[in-house]
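Chain letters run A, B, ... following the sequence lines, proteins first, then strands; residues in each count from 1. Note that these values count all heavy atoms, side chains included, but never hydrogens, waters or copies made by symmetry.
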Amino acid sequence: MGQIMDEVIEDETAFVLRLYSGERKNLVPILQDVCDRLGYLPRAAMERIAEHLAINRGEVYSAATFYNQFRLSPPGRHTVKVCMGTACHIKGGQLILEAWERELDVDVGGVTRDGQFGLERVACVGCCAMAPIVVCDDVVHGRTRPTTVKGIITNLNEREHDIRGDSGQGD
Amino acid sequence: MIFEEIRDRAIREWEGLRNSGRPLILIGTATCGRAAGAMEVLERIERELGERGIDADVVQVGCMGHCYAEPLIAIAKPGYPPILYGYVTQGTASQLIENFILGDDPCLEFALGALEENELIPTIFDMPRFRYERRILLERCGFIDPQNIDHYIANGGYSALVKALEMTSDEVIEGVRRSGLRGRGGAGFPTGEKFGICREAEGEPKYLICNGDEGDPGAFMDRAILESDPQSVIEGMTIAAYAVGALHGYIYVRAEYPLAVERVRFALRQAEGLGLLGQDILGSGFSFGIELVRGSGAFVCGEETALIASIEGGRGVPHPRPPFPATSGLWGKPTLINNVKTLSIIPHIISKGADWYSSIGTEKSKGTAVFALAGKVINTGLAEVPMGTTLRDIIYGVGGGIPGGKRFKAVQIGGPSGGFLPESMPDIPVDFDSLTEAGVMMGSGGMVILDEDNCMVEAARYLLDFTQRESCGKCTMCRLGTKQMLNILEDITNGEGRLEDLGLLMELAQDVRDGSLCGLGRTAPNPVLTSLSYFRDEYEAHIIEKRCPALVCEKLISYYILPERCERSCDACVGSCSVEAIYAGKGGVKVIDQEKCVKCGICLDSCPPQYSAIVKLSPLSLVPPEEKKPEKSEEGDG
């Protein structure tokens with residue numbers, strides 16, 4: 001997705017805020033929706049949210065940094081999440097993560113220099129019976145090996161065009 | 001609409017599907033099915049049926065618990081018993097359409113078993129695991145369309161709500177109390193008592209929360225229930241709300257479960273559409289609404305006070321208890337908060353009675369327990385057994401034992417708050433109290449099985465790393481104590497540990513336990529304490545001999561090619577190595593450059609099994625000196 005233009009941030013945030021009243025309890029759902037639409041939480045969006053809820057910007061930032069699902073920098077065009085749950089771990093999840101780091105030449109948490117791939121760890125996607133798990137753009141891959149990394153990347157490139165269609169749904 | 005009409009219509013629809021005269025194909029598309037490729041299989045089936053103009057019904061169902069055999073499809077063709085097929089690929093799906101749907105060969109070579117008694121083939125219930133299993137909560141999972149409320153109603157759904165609405169709330173609470181049901185979130189608090197406290201508590205309005213923030217890695221039964229039978233949770237919530245007098249409910253589902261979120265959202269709309277939820281439910285005068293709340297990926301939010309703080313809109317940080325949520329919870333009002341499984345069992349208790357429920361299980365732990373089996377076990381997936389079933393029966397009877405002829409070493413139970421049970425305790429009955437006595441916790445019921453190839457120190461390090469990352473930071477001991485413990489464990493797994501560290505570890509564990517407010521911190525040391533008490537020798541091997549007995553800890557192992565086993569003309573390992581660390585040495589024997597090796601293990605996978613020339617060695621000093629780079633000779637350099 002890469003860097004997003006200021007107007008887009010403004011428009012998308014305004015769109016989400018129209019759906020919610022100014023009650024404090026809406027903070028997290030608003031952050032979720034904005035993050036779903038933009039891929040991350042830009043500073044400008046968080047400032048608009050703070051105004052909408054009439055709370056301190058620090059409170060918005062505090063919630064945004066508390067939860068693992070929110071990110072504060074633009075994601076990669078594709079997101080690769082390597083599951084680090086217990087079952088995945090004991091079946092070699094760490095080796096899988098390292099294989100991704102080597103293949104993409106990026107540390108976990110980062111985005112490749114060309115902006116194509118973001119590599120993340122996820123606590124557990126509850127698919128333990130199929131461990132080790134890798135989730136790429138919302139497609140769950142089970143029983144992965146360090147050797148399947150290249151295949152998944154090829155697959156992703158092939159699916160390139162219909163990715164928008166099946167990404168997670170908004171509220 | 002009165003309930004009889006709703007039910008009759010649902011039964012007509014359900015029977016219509018079953019007796020349509022057309023073949024019926026059920027395909028499991030819960031998350032584990034999808035991970036195994038169920039969506040591709042579904043696409044292939046629909047395409048072939050369309051292209052060939054075959055008149056058949058395809059229904060997406062949830063998870064049957066046989067995750068090891070995913071993708072699963074069941075085919076009911078008139079004239080045959082319904083048959084369940086496992087490990088289905090696009091190719092097998094085509095074959096089944098060609099040979100069974102169009103032809104008359106049921107392709108029994110792919111069948112796991114029939115789903116009903118018949119003359120032709122054994123049923124899946126004849127599998128050895130069903131000698132131990134007793135399915136109540138999972139009964140409907142995988143057999144009904146979770147997106148079709150009629151399927152739920154036709155199979156007994158919502159009749160418990162009708163019955164409960166004819167009872168007084170006190171009668172409902174008394175029934176739950178007498179059933180002996182204890183909360184399935186992990187702590188095992190008597191549910192009926194909690195209902196009673198919340199009912200009596202002063203303050204209006206009252207709230208009800210279903211805790212679907214199944215954060216324990218290794219546990220996935222709540223996901224399976226939410227994805228496969230969401231209406232059972234909604235019905236249970238509605239009955240509980242009626243009992244305690246709550247008007248508004250929340251169902252909190254974790255963000256990592258997008259499919260569960262989608263299915264619950266859909267299920268809520270369907271229930272509202274039929275008047276089973278909302279204003280004046282079924283004309284009883286009782287009103288109750290449920291709002292779906294998506295979590296945002298914070299493990300601590302599984303803790304009830306943190307979850308409440310999260311719904312209120314902010315950081316999910318726990319609060320001291322008392323006051324307990326039942327008297328002062330969401331926005332300071334009495335709030336009943338229960339786990340998914342606790343709530344979805346309520347309709348069964350109301351329908352079949354408290355005595356029926358309390359006849360299952362042990363003296364103090366009633367009913368069944370749902371376990372998620374994962375890790376080094378053959379039949380990964382879900383199992384529902386009566387409380388008190390032994391660990392051996394669960395792992396060997398239901399789980400089918402350890403794959404590859406390996407030795408069972410331990411089971412990690414109850415997630416990061418639980419601990420390890422060693423192979424020496426296979427006959428421990430699995431119930432709330434026996435587990436607590438053994439130093440672990442029932443938790444939400446995740447069981448991850450470890451075999452001889454898993455390092456206990458590294459596993460304890462992993463779990464502590466998890467809790468340490470997920471600590472919300474409120475309590476000093478949890479925030480900093482776990483960090484110090486983690487540092488010590490990292491030292492040990494890196495071969496830099498000292499024997500006196502073990503004493504320090506125990507001391508810190510006690511402090512973290514005493515100095516933390518919520519369950520996350522109070523139980524964080526459990527994996528360390530249980531692994532230390534049952535596997536102390538492994539810790540000592542790491543510290544004294546710099547050796548990892550299970551050959552896992554990267555800093556303590558080397559990959560090595562046995563020259564006598566290496567097939568010199570084979571280049572599999574050379575080609576597979578991601579860092580070009582393998583070269584042909586003297587006489588073409590492959591050698592690993594230990595300096596370059598990143599220990600990814602790919603070469604071990606790639607070496608053809610007839611040679612099996614690549615091994616792991618620990619301690620590092622076992623690697624013969626001539627294999628090391630001549631220019632660098634110091635010991636212990638990985």
[X] side chain vs [Y] backbone, donor-acceptor pair below 3.5 Å:
X: B:Arg315; Y: A:Phe66; result: no
X: B:Tyr462; Y: A:Thr86; result: yes
X: A:Gln32; Y: B:Ala255; result: no
X: B:Glu256; Y: A:Ala123; result: no

Roughly how far, to the nearest 0.5 Å, is the [atom2] atom of [Y] from the [atom1] atom of [X]?
X: A:Asn68; Y: B:Ser296; atom1: CG; atom2: OG; answer: 9.5 Å
X: B:Asp605; Y: A:Arg145; atom1: CG; atom2: CZ; answer: 4.0 Å
X: A:Ile90; Y: B:Leu450; atom1: CD1; atom2: CG; answer: 4.0 Å
X: A:Cys128; Y: B:Arg223; atom1: SG; atom2: CZ; answer: 7.5 Å

Atom group of [X] that falls short of 4.5 Å from chain A, counting heavy atoms:
X: B:Glu214; result: neither
X: B:Gln412; result: side chain
X: B:Ile602; result: side chain
X: B:Val552; result: neither
X: B:Ala372; result: neither
X: B:Asp465; result: side chain
X: B:Val377; result: neither
X: B:Leu463; result: side chain

Tell me, out of [options], who's got the most heavy-atom pairs with chain B below 4.5 Å.
options: A:Pro146, A:Ala63, A:Ser62; value: A:Ser62
options: A:Arg24, A:His89, A:Arg143, A:Lys25; value: A:His89
options: A:Gly92, A:Gly126, A:Gly85; value: A:Gly126

Are A:Met130 and B:Glu70 close enough that some pair of their side-chain heavy atoms sits under 4.5 Å apart?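 Yes - at least one pair of side-chain heavy atoms lies under 4.5 Å apart.
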Heavy-atom side-chain proximity of A:Gln69 to B:Arg294 below 4.5 angstrom: no
Would you say [X] has more than 12 foreign heavy atoms packed within less than 6.0 Å of its [atom1]?
X: A:Asn56; atom1: CG; result: yes
X: A:Glu51; atom1: CD; result: yes
X: A:Asp105; atom1: CG; result: no

Apply the test side-chain contact (heavy atoms from CB on, under 4.5 Å) to residues A:Val125 and B:Arg254: give CA-CA distance (whole Å), side-chain angles for both, the deciding distance (0.1 Å), then the verdict. CA-CA 10 Å; A:Val125 294; B:Arg254 65 194 287 254; over 6 Å; no
If I measure from the heavy atoms of chain B, does [X] come under 4.5 Å with its side chain, its backbone, both, or neither?
X: A:His141; value: backbone
X: A:Leu95; value: side chain
X: A:Arg102; value: side chain
X: A:Glu98; value: side chain

Looking at [options], which makes the most heavy-atom pairs under 4.5 Å with chain A?
options: B:Cys63, B:Gly215, B:Gly446, B:Ser310; result: B:Ser310
options: B:Ser578, B:Gly297, B:Ala459; result: B:Gly297
options: B:Glu470, B:Glu554, B:Met39, B:Arg469; result: B:Arg469

side-chain contact (heavy atoms from CB on, under 4.5 Å) assessment of B:Phe220 paired with A:Cys124: CA-CA 9 Å; B:Phe220 51 93; A:Cys124 179; over 6 Å; no
If you measure from the Lys or Arg side-chain nitrogens to the Asp or Glu carboxylate oxygens, is any gap between A:Lys91 and B:Asp451 under 4.0 Å?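 Salt bridge between A:Lys91 and B:Asp451, a charged N being under 4.0 Å from a carboxylate O: no.
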Electrostatic pair B:Arg34-A:Asp138, nearest N-O below 4.0 angstrom: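 Between A:Asp138 and B:Arg34 there is no salt bridge, as every charged N stays at least 4.0 Å from the carboxylate O atoms.
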If you compare all heavy atoms of B:Cys301 against all heavy atoms of A:Tyr67, which two are closest, and at what distance to 0.1 Å? SG-CE2, 3.9 Å
Where is the tightest heavy-atom contact between B:Ala35 and A:Ile133, given as atom of each residue plus distance? CB-CD1, 4.4 Å
